[in-house]
Amino acid sequence: MSHPELSEQEILRRESLQKLRDLGIDPYPAALYPVDAFAADIKANFEDGKQVCLAGRMLSQRIMGKASFAEIQDASGRIQVYFNRDELCPGEDKTLYNEVFKKLLDLGDFLGIKGHMFKTQVGEISVHVTEFQLLSKSLRPLPLPKTDAAGIVHDAFTDPELRYRQRYVDLVVNRQVKDVFIKRTKLFNAMRDFFNSAGYMEVETPVLQAIPGGASARPFITHHNALDIPLYMRIANELYLKRLIVGGFDGVYEFSKNFRNEGMDRTHNPEFTAMEIYVAYKDYNWMMDFTEQLLEHCALAVNGTTIAQFGEHTIDFKAPYKRVTMRQAIIDFTGFDIAGKTEDELRSAARGMGIEVDETMGKGKLIDEIFGEKCEGNYIQPTFITDYPKEMSPLCKVHRNDPSLTERFELMVCGKEVANAYSELNDPIDQRERFEEQLKLQERGDDEAMFIDQDFLRALEYGMPPTSGLGIGMDRLIMYLTNNASIQEVLFFPQMRPEVQAPKVTLNETETAIFSKMQQEKQLLLSELRTHFDISNKLWDTSLKTLTKNQLLAVSKEDDLLFVKLL
RNA sequence: GAUCCUGUAGCUCAGCUGGUAGAGCAAUACACUUUUAAUGUAUGGGCCCUGGGUUCGAAUCCCAGCGGGAUCACCA
């Protein structure tokens, strides 16, 4: 048996696997293991001599002749276990200890341990093993960071590429990574609790949509074969939740995986999670109160405190939060009053502030640019920015006191938006006009403008009660609550470019020559490529066939001309 | 898309003005019955990201490509 493609350590582990089988030990047993204890509980509730049964990965081994220590890591943490040869193998046959434990087990293997609690001479809480069983064999060596007496981690597994691509490894060896995701789940649970106890209902709405509505973004497109129509992955679920309010639910919410076909960076992933909630008979003022209560509740549930450290900033999620109108925010940071200004006045004011603007921008977009450039970044503590211009908010009700504004707020934290809410527009005629405005913007060249959803308008025509809606970027919020500057750190499996397997084909001299020529040229006429090689037609033919068969090159015919392409 | 940084053993990283590829951990063998970054002795392990170029000679210098990261631009 040879494994030329495997590393030395992988080969050795496969050999150990076979030796275990030869000894009659099943390296992947089927039966359940009757776990009744966890590492963290044993440490927290130590009782000398108490029998325990635990299971987990063995992550270190300290062998000292006839006795050994090992560390077992289970879901709760790590605990030291003690193996004694003559207790585990009371008779003449010491195979279980000498062979199985010392030689055939590897770091990373899952073990089941039965034994009793005790403290070592240096006072470390441990489990004295009376029986152990291999539960699953690990065939690949894990990276093994070590923590010294001073708490400094050595040889940490830190390469971001490896950590994201092999998150399972990251989670095994980097405890702090696991804690981030535990907090993420706590956040979701805390929100659910808060909404459920308020009497609102969690719902599910379509991810595949014929019209991608509810936000301005480029969608992912796919195709439904049976219907033979294009379908879009949702960019937002807003319009569906409002249909449910039309249908008579008082409060509905959904944690919505949204998909946007746009750039990726440390705050954007192509798929991300938003929470949206809609509550009937409320307005955006009520929603501000609700939001600050919600976030205070969530921060407490996740971190046990309303204070969160994010980079250099200390944020306090304790309610209430400051409320500033967008007009006032712009006055505060630029001295410019947007009230009553025409589009041209706004454009030249923006230019005067050094902001790049162009002719496709309407009033709303211009104000948005000014706010984004000059104001947004200054709001570190949670702050509600209210009363956005009408043009920017096509789904939002006109302000009760000023027809040029809408009843909208965004919650800014550390200079970034984490929540967005409206008194929802429920006037179907107004909504239709707003959609038509969006169409005009689209015609002017604004590729972010929204599509018109006729069915949504029909629903509004049946009547939607006054409603307030709120959307929260869950990924961004959990970044704040766990002090992570990168969205990749709060997603289990952030989007990565797929790994490309290097071709495993061994090419002969001629094939290599042709292939490297094509690596330079990318595409060539077959006849022209041929002229570069002074070889027999037969060799030419077989070499090219090898290359195409291994999908390194492809030959295609266009207008009676044969082209060779690099794949 | 632009700029900068980066790619060396299973993991974390050295490797100078070009000259036979190094350490710690992990692995293998031996010793060791309460250790804890266990210890001691010995041993094995490399397409130095890929392809070109310069050179007597390239992990090292140059060019191109690929992957990753950071910053910026774009994008709620």
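Within every chain, numbering begins at 1; the chains are lettered A, B, ... in the order of the sequence lines, protein sequences first and strands thereafter.
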Between [X] and [N], does any side-chain N or O lie under 4.0 Å from OP1 or OP2?
X: A/Arg165; N: B/G68; value: yes
X: A/Arg62; N: B/U35; value: no
X: A/Thr147; N: B/U36; value: no
X: A/Lys103; N: B/C30; value: yes
X: A/Arg163; N: B/G69; value: no
X: A/Arg218; N: B/C75; value: no
X: A/Lys146; N: B/A38; value: yes
X: A/Lys66; N: B/U33; value: yes

Between [X] ([atom1]) and [N] ([atom2]), how many Å, whole number?
X: A/Met264; N: B/C72; atom1: CE; atom2: P; value: 17 Å
X: A/Arg85; N: B/U35; atom1: CZ; atom2: P; value: 19 Å
X: A/Asn261; N: B/C74; atom1: CG; atom2: C1'; value: 13 Å
X: A/Asp475; N: B/C75; atom1: CG; atom2: C1'; value: 16 Å
X: A/Asp368; N: B/C75; atom1: CG; atom2: C1'; value: 12 Å
X: A/Gln61; N: B/A26; atom1: CD; atom2: C1'; value: 12 Å
X: A/Phe220; N: B/C75; atom1: CZ; atom2: C1'; value: 12 Å
X: A/Phe272; N: B/C75; atom1: CZ; atom2: C1'; value: 11 Å

Next on the checklist: Closest-nucleotide mapping onto RNA chain B: is A/Glu8 or A/Phe157 further toward the 5' terminus? I mean the 5' end.
Outcome noted: A/Phe157
Checklist entry - When you match A/Phe118 and A/Gly263 each to their closest nucleotide on RNA chain B, which lands nearer the 5' end? => result A/Phe118
Determine the interatomic distance between [atom1] on [N] and the same-named atom on [M]; round to the nearest Å.
N: B/C16; M: B/U20; atom1: P; value: 12 Å
N: B/U60; M: B/C48; atom1: C1'; value: 10 Å
N: B/C13; M: B/C72; atom1: C1'; value: 30 Å
N: B/A21; M: B/G15; atom1: C1'; value: 8 Å
N: B/G51; M: B/G7; atom1: C1'; value: 16 Å
N: B/A23; M: B/A9; atom1: P; value: 14 Å
N: B/U36; M: B/G22; atom1: P; value: 32 Å
N: B/G1; M: B/A37; atom1: P; value: 49 Å

Should we count [atom1] of [X] as having more than 12 external heavy atoms under 6.0 Å?
X: A/Arg327; atom1: CZ; result: no
X: A/Phe38; atom1: CZ; result: no
X: A/Arg140; atom1: CZ; result: no
X: A/Lys416; atom1: NZ; result: no

Complementary nucleotide of [N], counting Watson-Crick and G-U pairs under 3.5 Å:
N: B/A59; result: none
N: B/U12; result: B/A23
N: B/U17; result: none
N: B/G67; result: B/U6
N: B/U34; result: none
N: B/G1; result: B/C72
N: B/G45; result: none

For the side chain of [X], counting heavy atoms from C-beta on, which of [options] is nearest?
X: A/Pro160; options: B/G69, B/A37, B/U33; value: B/G69
X: A/Arg266; options: B/G10, B/U71, B/A38; value: B/U71
X: A/Pro141; options: B/G10, B/U28, B/C75; value: B/G10
X: A/Glu161; options: B/A26, B/U12, B/G67; value: B/G67

Could you tell me whether [X] contacts a base, only the sugar-phosphate backbone, or nothing, with contacts defined as non-hydrogen atoms closer than 4.0 Å?
X: A/Thr158; answer: sugar-phosphate
X: A/Ile63; answer: base
X: A/Gln488; answer: sugar-phosphate
X: A/Arg260; answer: sugar-phosphate
X: A/Val153; answer: nothing

Item to check | Under 3.5 Å: donor-acceptor pair, side chain of A/Arg167, backbone of A/Phe492 | outcome: yes
Checklist entry - Would a distance-only check, ignoring hydrogens and angles, find a side-chain to backbone donor-acceptor pair under 3.5 Å from A/Ser16 to A/Leu12? => result yes
Checklist entry - Has the side chain of A/Gln9 got a donor or acceptor atom sitting under 3.5 Å from an opposite partner on the base of B/A26? => result yes
Checklist entry - Hey, does the side-chain of A/Asp155 have a donor or acceptor N/O within less than 3.5 Å of a partner on the base of B/C13? => result no
Checklist entry - Between A/Tyr164 and A/Leu491, is any pair of side-chain heavy atoms under 4.5 Å apart? => result no
Item to check | Check against salt bridge (charged side-chain N to carboxylate O under 4.0 Å, His left out), A/Lys94 and A/Asp86 | outcome: CA-CA 8 Å; A/Lys94 308 294 187 191; A/Asp86 296 326; 3.1 Å; yes
Checklist entry - Step by step, would you call A/Glu424 with A/Ser468 a side-chain contact (heavy atoms from CB on, under 4.5 Å)? => result CA-CA 5 Å; A/Glu424 299 296 338; A/Ser468 184; 5.7 Å; no
